[in-house]
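Structure first, commentary second.
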Amino acid sequence: MVLLSLVASHHDLDLAVLERLQSDVQAVGREVVAATPAVTGAVVLATCNRFELYLDVDDTAHTPRARRAVAKAVAARSGYAPDAVVEHLRPLVGGDASEHLFAVASGLESMVVGEREIAGQVRRALTTARRDGTTTSTLEALFQAASRASRAVEAATGLGSTGRSVVGVALDLAARTLPRGGATGAVPAVDGPGAPDTAADAPDGTDWQAVRCVLIGTGSYAGASLAALKARGVRDVRVFSPSGRAGQFAAQRGVTALPAGADLLAEVAQADLVVACSGAAGAVLGVEALAAVRRTAQRPLTVVDLALRHDVDPDVRTLPGVALVSLQSVAEHAPAEHAALQHARDVVERAADDFEADRRVREWDPAVVAERTRVLGGLEAALDALPDASPDDAHARSLRRRARAQLHGPTVAARAAARAGDAAGYARALVELAAIEVPAVVPTRG
């Protein structure tokens, strides 16, 4: 068995490409497992800035077949040619794949280094694979180890404990253009040349308690956004759901739900801030419709669009008095934690090495177990064949002790070699085990 990961992220690709690759993303894992016996399991990790597949492949020689199956499934949904999909998805095998996932789960590969949301997204990816019946014992172990690595990184470095997140950086940028003290007028665009150099340039003094906000969406990012808004003191939040789920979401969190069929534009016309993260198919807020309601607007509007598929038409940034914060803005202005980053990567590397060592022991151990069973099982069978020998008598106990003592040294050596990836050392230890004969059982007389 071999672990294969196919990775596309904001590090390598434009967000628009990621958006297309993620079309009908959850069906890809099921389809790939069904398409070829070479792939025994699949977990799909899709977030606002990455699309990754983790595959359990039956043999290293079959990884090209697995990549072709993935390319075909993704191409059918994205509109890209299969060859283009292959180019977009960077392959990682074995220890490289596990180390990458551990770094992802720890927030080291995120737009905002150390972000908190990704650890939950990694856990939910495994939960979805369980539901779809596409996980395996290897993938279960991998993703559970990734969650442990994430906690170890936070404990060792503090990354993630300071509340940084994509949402947090986006709101820091939004603060730059939110009105304070009743100020009105034109607002500089956050995307583009007028943007601050870092999120820390967002001015202090925003009166968050006076901000009137419309939140579009009810998913995990909407929950994180609402928590961040409340933490900053925002009191007036109205939730709009394109899918009609605003009522339950808002009731559980103590905010106001806009009823199904509500005039979203009328609400936006009275808002200071729109946070959009529904991931609906197509823009929920279009530039022409927004322009129409803002012709007589007296208050500036800041729009935060955290949806990969753009809940808000990006051209709203061209409207007078409208500022737009997008995922691209976050990517450009997210702060880096250089001091803790190397320490965190050291923790991840050690965790990945331990995982790979444990995996080798599990994969190589059946041969060791078979030799031990041959000796110890043969001994028990010989003892059972003696009608006048009790399994508790001194002679039987002595035989068992000697057999286990003979097996102990090469067993320990074989498992140590497996952990180290020392195939030659493992083979030598296995030869020693194979040379151990089943102890001869001499009948005893009562």
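By the 4.5 Å heavy-atom criterion applied to side chains, P91 and T63 are not counted as neighbours. You'll find the side chain of V347 stays beyond 4.5 Å of the side chain of F102, heavy atoms only. Taking 4.5 Å as the limit, every side-chain heavy atom of V122 sits out of range of all side-chain heavy atoms of S150. Side-chain contact between S241 and L258 is absent, with no heavy-atom pair separated by less than 4.5 Å. In this structure, the side chains of V17 and F51 stay at 4.5 Å or more apart for every pair of heavy atoms. Put simply, the side chain of W208 reaches to within 4.5 Å of the side chain of L178, judged on heavy atoms. Using a 4.5 Å heavy-atom cutoff, the side chains of L101 and F355 are not in contact. Contact of the L430 side chain with the V368 side chain is registered, since non-hydrogen atoms from C-beta on lie closer than 4.5 Å.
A salt bridge links E371 and R374; the closest N-O separation between the charged side-chain nitrogens and carboxylate oxygens is under 4.0 Å. Residues D422 and R360 are not paired through a salt bridge, judged by the lack of any N-O separation under 4.0 Å between the basic side chain and the carboxylate. At a threshold of 4.0 Å, the pair E356-R359 counts as salt-bridged, since one of the basic side-chain nitrogens sits closer than that to a carboxylate oxygen.
Summarising the local packing, CD of E437 is surrounded by 12 or fewer heavy atoms from other residues, nucleotides or ligands at distances under 6.0 Å. The environment of Q144 atom CD is dense: over 12 non-hydrogen atoms of other residues, nucleotides or ligands sit within 6.0 angstrom. Residue-environment remark: CZ (R130) exceeds the threshold of 12 foreign heavy atoms within 6.0 Å.
Contact between A125 and V43 at its shortest, heavy atoms only, is O-CG1, 3.6 Å. Considering every non-hydrogen atom in both L301 and A271, the closest pair reads CD1-O, 3.6 Å. Contact between P439 and A403 at its shortest, heavy atoms only, is CG-CB, 4.0 Å. Considering all non-hydrogen atoms of both residues, V57 and A66 come closest at CG2-CB, 4.0 Å. When all heavy atoms of L229 and V275 are compared, the pair lying nearest together is CD1-CG2, 4.4 Å. In terms of heavy-atom proximity, V438 sits nearest to G378 at CG1-C, 3.6 Å.
Within the 3.5 Å criterion, the main-chain N or O of A103 finds no donor-acceptor partner in the side chain of S106. In terms of modelled atom types and a separation under 3.5 Å, the side chain of R428 and the main chain of A413 share no donor-acceptor contact. No donor-acceptor pair under 3.5 Å is formed between the side chain of T135 and the backbone N or O of A129. Distance alone, capped at 3.5 Å, places no donor-acceptor pair between the D56 side chain and the T136 backbone. Side-chain atoms of R50 come within 3.5 Å of backbone N or O of E109 as a donor-acceptor pair. Side-chain atoms of E432 do not come within 3.5 Å of backbone N or O of T411 as any donor-acceptor pair. Judged by distance alone, with hydrogens and angles left aside, the side-chain atoms of R176 form no donor-acceptor pair with the main-chain N or O of L173 at under 3.5 Å. Looking at T134, its side chain does come within 3.5 Å of a backbone N or O of A42 through a donor-acceptor pair. Using modelled atom types, one side-chain atom of R77 and one backbone atom of A73 make a donor-acceptor pair closer than 3.5 Å. Proximity of a side-chain donor or acceptor of K72 to a complementary backbone N or O of A35 within less than 3.5 Å is not detected.
Under the 3.5 Å distance criterion, with hydrogens and angles disregarded, no donor-acceptor pair is assigned to the side chains of Q121 and E117. For the residue pair R124 and T128, no side-chain donor N or O sits within less than 3.5 Å of a side-chain acceptor on the partner. A donor-acceptor contact closer than 3.5 angstrom is absent between the side chains of S5 and E52.
To the nearest 0.5 Å, atoms CG (L324) and OG1 (T177) are separated by 9.5 Å. Summarising the geometry, atom CG belonging to L53 is positioned 12.0 Å from atom CZ belonging to R67; distances are rounded to the nearest 0.5 Å. If you take CG on L4 and OG1 on T60, they are separated by 10.0 Å, rounding to the nearest 0.5 Å. Separation of atoms CZ (R400) and CG (L383) is listed at 5.5 Å; rounding is to 0.5 Å. We find the CG-OG1 distance between D59 and T40 to be 11.5 Å, quoted to the nearest 0.5 Å. Separating the OG atom in S225 from the CD1 atom in I216 is a distance of 11.5 Å, to the nearest 0.5 Å.
Using cut-offs of 30° and 60° on the angle between ring planes, the pair F143 and Y54 is perpendicular.
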Task: Step-by-step side chain to side chain contact (heavy atoms under 4.5 Å, CB included) determination, L407 to L433 - done: CA-CA 7 Å; L407 293 166; L433 284 169; 3.7 Å; yes
- [ ] Check the pair R402 / L399 against side chain to side chain contact (heavy atoms under 4.5 Å, CB included), numbers first and verdict last.
- [x] CA-CA 5 Å; R402 286 202 299 270; L399 288 172; 3.1 Å; yes
Open item on the list: Apply side chain to side chain contact (heavy atoms under 4.5 Å, CB included) to residues H88 and V74 and explain how you reach the verdict.
Closed with: CA-CA 11 Å; H88 288 322; V74 174; over 6 Å; no
- [ ] Show your working on side chain to side chain contact (heavy atoms under 4.5 Å, CB included) between L306 and D311 and close with a plain yes or no.
- [x] CA-CA 8 Å; L306 299 179; D311 276 345; over 6 Å; no
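In summary, of the residues considered (V284, T218, L285), a side-chain contact (heavy atoms from CB on, under 4.5 Å) with F240 occurs for V284 alone. Of the residues D353, D358, D365, the one that meets the salt bridge (Lys or Arg N to Asp or Glu O under 4.0 Å) test with R419 is D358.
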